[in-house]
Each structure stands twice: as structure tokens, then as C-alpha cells.
Amino acid sequence: MIRQSKATKRNFITGEAIEIIKEKPLKDVRSVHTIELFDEVTGKLIERVKSENFISKVMEELQRQAALFAFLTEYVTTSGSSIQYRGPLYDLAKYDVVFKNLDMSWVTDRAFPMSWLVLTDYDGPEDPENEIIMRGRIIGYAGRYITYAGSDTKQGSLNTAESFVEPQHIHLVYDWPTHAANGTFQSVYWNDNYDRNFSLGLIGKKNLQISAPNGYLFLDYQIAKVKNGKLYFMGKEAQTNKVAILVYDLNIQARTITNGQVYALLNTTSGFSSFEIAPNGDIYLTSGDYLYCYGQNGSPKNIPGTSQTSRRYTNYLFSLFAIVGQDVYIESRTSYYNDIQINRYNINDLVNPLDVKVIPRAFVDAYQKNGIGMHYIPDLDMLVMTIEGYTYFVDRTMLNLSKNTPVRTTINSLSAITYDATKKQFIEIRQTTPVINGQNDYTKRDVIIQPLGFIGARNLLPSPVTKTNTNTMKLTYDLYIDSY
């Protein structure tokens with residue numbers, strides 16, 4: 001059943017009035033944001049926006065799991081602020097009647113998905129069936145039950161005097177002073193963190209184990225790559241220790257063991273930190289500040305623009321490396337005290353860069369941090385950079401954050417990142433070496449395929465809201481629980 005919900009915006013100075021109709025499911029829980037801007041000097045109300053959010057599938061899945069576990073568990077304990085369920089979960093997991101997805105589990109080691117209210121400039125349409133990741137540039141935020149009176153230029157404070165909780169109605173009020181949350185925003189999120197997404201397999205998670213082709217081994221601590229819907233690993237031939245590139249089809253069933261193929265066996269036993277595959281099939285490998293090139297037949301090839309099969313990019317950190325069609329992106333900062341610097345080359349000339357871009361710290365914080373790897377998402381024309389603990393999504397053309405860019409994400413440093421265009425979800429592919437009888441088994445790889453994101457709710461406002469340093473702002477959140 002679908003009901004209609006009216007979203008409104010009114011400017012009391014210009015007389016502008018906007019009214020749109022949102023379609024919402026007929027559910028017992030609904031919530032509305034009311035945003036008001038006031039003139040700092042006169043206290044006069046300038047603008048009011050009222051709009052209903054949607055509750056994410058992640059939140060609904062947590063509620064479903066909590067109901068199941070509350071019924072099935074034997075008892076509950078607490079550790080710090082986390083709830084831990086003790087009971088027959090793993091015994092019952094084999095029964096699909098109860099656990100439709102064997103890989104789902106109740107998460108107790110993260111903050112609740114509705115712990116932080118976050119304002120961003122993302123203006124994409126609401127997509128309750130698929131939307132699970134926070135996107136856009138962050139303009140402001142406030143902790144659900146946190147009062148704050150500091151100098152943070154984004155953080156607001158819970159107004160305890162005006163907030164109240166009743167059995168059927170939760171009414172929370174947040175205030176931002178003139179110096180905070182200045183900018184233009186159009187999305188209001190509930191998230192488990194105020195400035196990052198966490199990668200957790202709450203919905204759609206898939207576990208599988210893959211095996212190396214006969215006679216081959218995986219290498220430990222290697223980043224995987226996704227190219228044209230296939231997953232690539234760096235491995236080696238067991239008898240010769242020659243470097244091999246192993247390839248797997250991503251369209252595989254959960255919990256199966258599949259034999260992959262050898263994409264190429266290279267005529268080298270050297271150790272490399274990363275690799276990339278060019279459109280013509282050539283394989284590029286990096287080690288320190290050196291770049292190497294091999295053909296798919298395994299023979300060394302000259303680095304384009306040189307007469308050498310390897311080239312040193314003197315003093316470059318060189319940890320971020322990606323090939324996108326005819327463009328090659330190479331990290332070129334000379335110290336990890338510097339902001340990220342990326343050289344863009346034509347793939348036929350890897351000596352003379354076409355341009356150089358510096359990514360300011362405000363976009364990608366790399367101060368005293370090393371790059372781990374870089375991936376390309378063709379569906380969205382984005383480069384994905386992992387800088388130690390965080391992964392940043394940047395527009396490929398300008399190499400900066402945009403309103404369509406996901407907020408930085410916490411992922412496993414060896415993960416590959418791709419995109420499911422059907423479900424419109426960013427996907428993390430984690431991979432580890434299984435341990436058998438206390439020993440690493442390099443003939444296999446344990447792989448987790450899971451969507452990125454952990455939002456609790458999102459509200460697309462009728463039009464952008466702009467706050468300046470001449471305004472104070474009040475945001476009221478009303479949660480109605482009709483079935484109580």
C-alpha cells in the first residue's frame with residue numbers, strides 16, 4: 001500500500017513556496033524533518049522546510065534480525081555499550097526457514113544506524129529499495145543525543161529543553177549556531193557515523209571460497225582488481241615461482257569453490273606491490289617507485305615512450321596507480337607529508353604527463369598516510385583511492401569530491417571496489433587467505449562480496465537549503481510510531 005506525503009518549503013522573505021508530493025509505503029513508523037532558518041540579529045524566521053524521510057533497508061534488516069534473535073537467543077549480555085546475543089545462532093543457521101541468508105548476522109560492534117544526523121549536498125532521487133550509502137559533501141551533522149557548544153564548523157547540538165520522548169512520538173530538536181553548517185544541502189541522513197560510511201555485510205552479503213588453478217598459488221597481502229566484470233588476483237606458479245595473473249568470473253554462487261583461469265604467466269619471479277591490466281591486454285606491475293610492463297604472453301615489453309621494460313619514477317610514492325582506457329593515473333607526490341598529487345599520462349607515453357592535479361586535504365586526507373591502491377568504476381566514471389584506513393571516491397575528470405560522490409568509507413585495505421549497476425550499489429570484495437591447521441593455505445582464497453553502506457534513513461528535501469553565517473538553524477525530527 002502506498003500513501004502520499006507532502007513536502008514543503010517556504011521562504012518568508014521572498015515569498016517563494018514549493019510543494020511536492022512524495023509516495024511512501026503504508027507503514028506503522030514514519031518520520032519527518034522540519035528545518036528552520038532564522039536571522040541572527042532579529043530572530044525572525046526566514047525559511048521553513050518540512051519533508052518526510054524513508055527508512056533504509058539496512059534499518060529494516062536490523063529490525064528483522066533483532067526480532068529473530070530476541071526470540072531465538074538464550075540470553076543477552078552487554079560489553080561496554082554493545083549488546084551481545086548468546087544463543088543457538090550457529091546451530092540454527094543451517095535452517096533456511098529461519099535464516100534466509102546464511103551470511104547475515106546481527107551486528108553489535110558498530111554504532112546504531114541512526115546515531116548521527118548528517119546534512120549533505122547530494123540531490124539524487126530517493127531510492128529506498130537500493131540506497132544504503134551516504135553520498136555528497138558533508139555540510140553539517142549532529143549527534144542523536146549529544147549536546148555541543150564548541151567551535152566545530154559543522155556540528156550542531158541537541159536542544160534538550162525542546163526535545164521529548166513519548167511512547168508514540170519521539171521529538172528531537174537540534175540547533176546550529178551562525179558559525180556551523182554553513183553551505184547548501186539537500187539531503188538529511190541518519191547514519192552510524194558523522195563523516196564516513198562503514199562497510200558491513202548487513203544485506204546481500206555473499207561468502208565464497210575460490211581455489212587457484214592446479215599448480216598455482218595465491219600471493220598473500222595482494223590487492224585484487226575488478227575489470228569488465230571479472231576479478232583478478234596476483235599469484236604465482238608453484239614450481240617456478242613465476243608471477244601469474246589469475247582471473248575469476250564474478251557471477252558465481254555463494255559458498256562454492258571454483259577453479260579460475262590463468263590470465264597470464266609472466267617471465268619473472270620478482271615481487272610486486274600492485275598490478276593493472278591495459279585495454280590491449282598488457283600487464284603493468286609496480287614495485288616501490290618502479291613500473292614494469294609485460295605482454296599477455298608473459299614476455300617483458302617496453303614502457304610506452306621508452307626503450308626499457310622498466311622505468312623508475314624518481315622519489316614518487318607511486319602507491320596509487322590505475323589505467324582508464326587511454327589514461328594512466330600515477331601518484332606522484334614525493335613525501336607522505338604532502339597532499340595527494342596525481343599525474344595523468346596517455347597510455348602510449350608514460351614519460352610526459354598530460355596534466356598534474358593536486359587533491360587538497362579537504363577532499364582526500366593523506367597527511368602522513370600512505371596510499372594502498374586505486375580502482376576505477378566505469379559506471380560512474382569515478383576513481384576510488386584507499387589511503388590507509390579510508391577509501392575516497394573522486395570524480396575522475398576533476399579529481400575532487402562532488403555531490404554525487406559517496407562519503408569516505410572504511411573498508412579492508414586489500415579490497416577491490418566495484419559497482420552493481422542493477423541495484424545501484426557500491427560493492428566491496430574482501431579477500432583473505434584461509435588458515436588450515438594453523439597454516440595459511442595459499443591454494444585458496446576466502447572472499448566476501450558485500451554492498452557498501454550503513455545508512456539508517458535519508459530525506460531528499462524539496463529544494464536546496466542554504467545557511468550562511470548570518471543565520472542560526474533549527475532542525476526538528478519527529479518520529480511517529482502508530483502501532484505502539
Side-chain angles (χ1 to χ4, degrees), residues 209-228 230-250 258-304 306-313 316-324 328-331 347 350 370-376 386 412-417 429-434 439-447:
Q209 189 177 80
I210 61 177
S211 59
N214 291 334
Y216 288 84
L217 301 173
F218 292 104
L219 297 181
D220 211 356
Y221 307 114
Q222 290 293 337
I223 298 172
K225 293 282 184 178
V226 175
K227 292 282 188 180
N228 302 317
K230 295 185 181 297
L231 183 62
Y232 293 82
F233 295 93
M234 193 186 304
K236 66 179 181 179
E237 190 178 41
Q239 288 188 338
T240 66
N241 285 328
K242 288 183 177 180
V243 173
I245 305 298
L246 309 177
V247 59
Y248 293 80
D249 193 331
L250 274 176
T258 58
N259 285 316
Q261 297 178 338
V262 180
Y263 175 80
L265 177 63
L266 310 184
N267 190 24
T268 179
T269 58
S270 299
F272 301 98
S273 58
S274 186
F275 70 97
E276 263 283 24
I277 298 174
N280 67 354
D282 286 350
I283 301 160
Y284 288 83
L285 302 106
T286 64
S287 178
D289 52 5
Y290 279 88
L291 180 67
Y292 302 81
C293 183
Y294 289 83
Q296 194 173 343
N297 63 2
S299 300
K301 294 186 66 173
N302 288 342
I303 301 293
T306 77
S307 58
Q308 300 172 317
T309 58
S310 66
R311 181 174 190 267
R312 185 183 184 193
Y313 292 75
Y316 287 2
L317 294 185
F318 207 36
S319 297
L320 305 176
F321 176 71
I323 298 175
V324 182
V328 179
Y329 295 87
I330 297 177
E331 179 186 4
I347 200 166
L350 298 185
N370 289 315
I372 304 298
M374 185 156 59
H375 306 272
Y376 176 62
T386 298
N412 183 283
S413 61
L414 300 181
S415 294
I417 304 297
I429 303 175
R430 295 191 176 199
Q431 40 100 14
T432 57
T433 303
Q439 299 293 322
N440 289 336
D441 183 358
Y442 293 107
T443 67
K444 296 181 177 63
R445 248 326 182 249
D446 288 333
V447 176

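Counting begins at 1 with the first residue of the sequence. All of these numbers come straight from a predicted model, not from anything done at the bench.
Counting only distance, with no hydrogens or angles, the side chain of Gln222 and the backbone of Phe272 share a donor-acceptor pair below 3.5 Å.
Side-chain contact check for Lys227 versus Tyr232: some heavy-atom pair is nearer than 4.5 Å. For the pair Tyr292 and Thr309, the minimum side-chain heavy-atom distance is 4.5 Å or more. Within the 4.5 Å cutoff, side-chain heavy atoms of Leu350 are placed close to those of Tyr313. Asp282 places a side-chain heavy atom less than 4.5 Å from the side chain of Lys301. Side-chain contact between Leu291 and Phe321: present, with at least one pair of heavy atoms (C-beta onward) separated by less than 4.5 Å. The shortest distance between side-chain heavy atoms of Gln209 and Asp446 falls below 4.5 Å. Counting heavy atoms from C-beta on, the side chains of Lys230 and Asp249 come closer than 4.5 Å. Counting heavy atoms from C-beta on, the side chains of Glu331 and Phe318 never come closer than 4.5 Å.
For the residue pair Pro213 and Tyr248, the shortest heavy atom distance occurs at CD-OH, 3.8 Å. Contact between Ile283 and Gly295 at its shortest, heavy atoms only, is CD1-O, 4.3 Å. What you find for Val262 and Leu265 is that their closest heavy atoms are CG1-N, 4.2 Å. Nearest heavy atoms, Tyr263 versus Gly281: OH-O, 3.0 Å. Ala416 approaches Leu231 most closely through the heavy-atom pair CB-CD1, 4.4 Å. Considering all non-hydrogen atoms of both residues, Ala212 and Phe218 come closest at N-CE1, 3.5 Å.
Asn267 and Tyr294 share no side-chain donor-acceptor pair at under 3.5 Å. Of the N and O atoms on the side chains of Arg445 and Thr432, not one donor lies less than 3.5 Å from an acceptor on the other residue. In this structure, a donor-acceptor pair under 3.5 Å is present between the side chains of Thr286 and Ser273. Side chains of Asn241 and Thr269: no donor on one and acceptor on the other come within 3.5 Å.
Rounding to the nearest 0.5 Å gives a distance of 8.0 Å between OH of Tyr316 and CD1 of Ile330. We find the CG-OG1 distance between Leu285 and Thr268 to be 8.0 Å, quoted to the nearest 0.5 Å. Considering CG of Asp220 and CE of Met234, their distance stands at 12.5 Å, rounded to 0.5 Å. A distance of 8.5 Å separates NZ in Lys236 from OH in Tyr442, rounded to the nearest 0.5 Å. In this structure, Glu276 CD and Ile223 CD1 are separated by 10.5 Å, a value rounded to the nearest 0.5 Å. Residue Ile303 holds its CD1 atom at 15.0 Å from CZ of Arg312, rounded to the nearest 0.5 Å.
The side-chain contact (heavy atoms from CB on, under 4.5 Å) test applied to Asn297 returns Ser299, not counting sequence neighbours. In this structure, the side-chain contact (heavy atoms from CB on, under 4.5 Å) partners of Pro279, at least two apart in sequence or on a different chain, are Ile323, Ile347.
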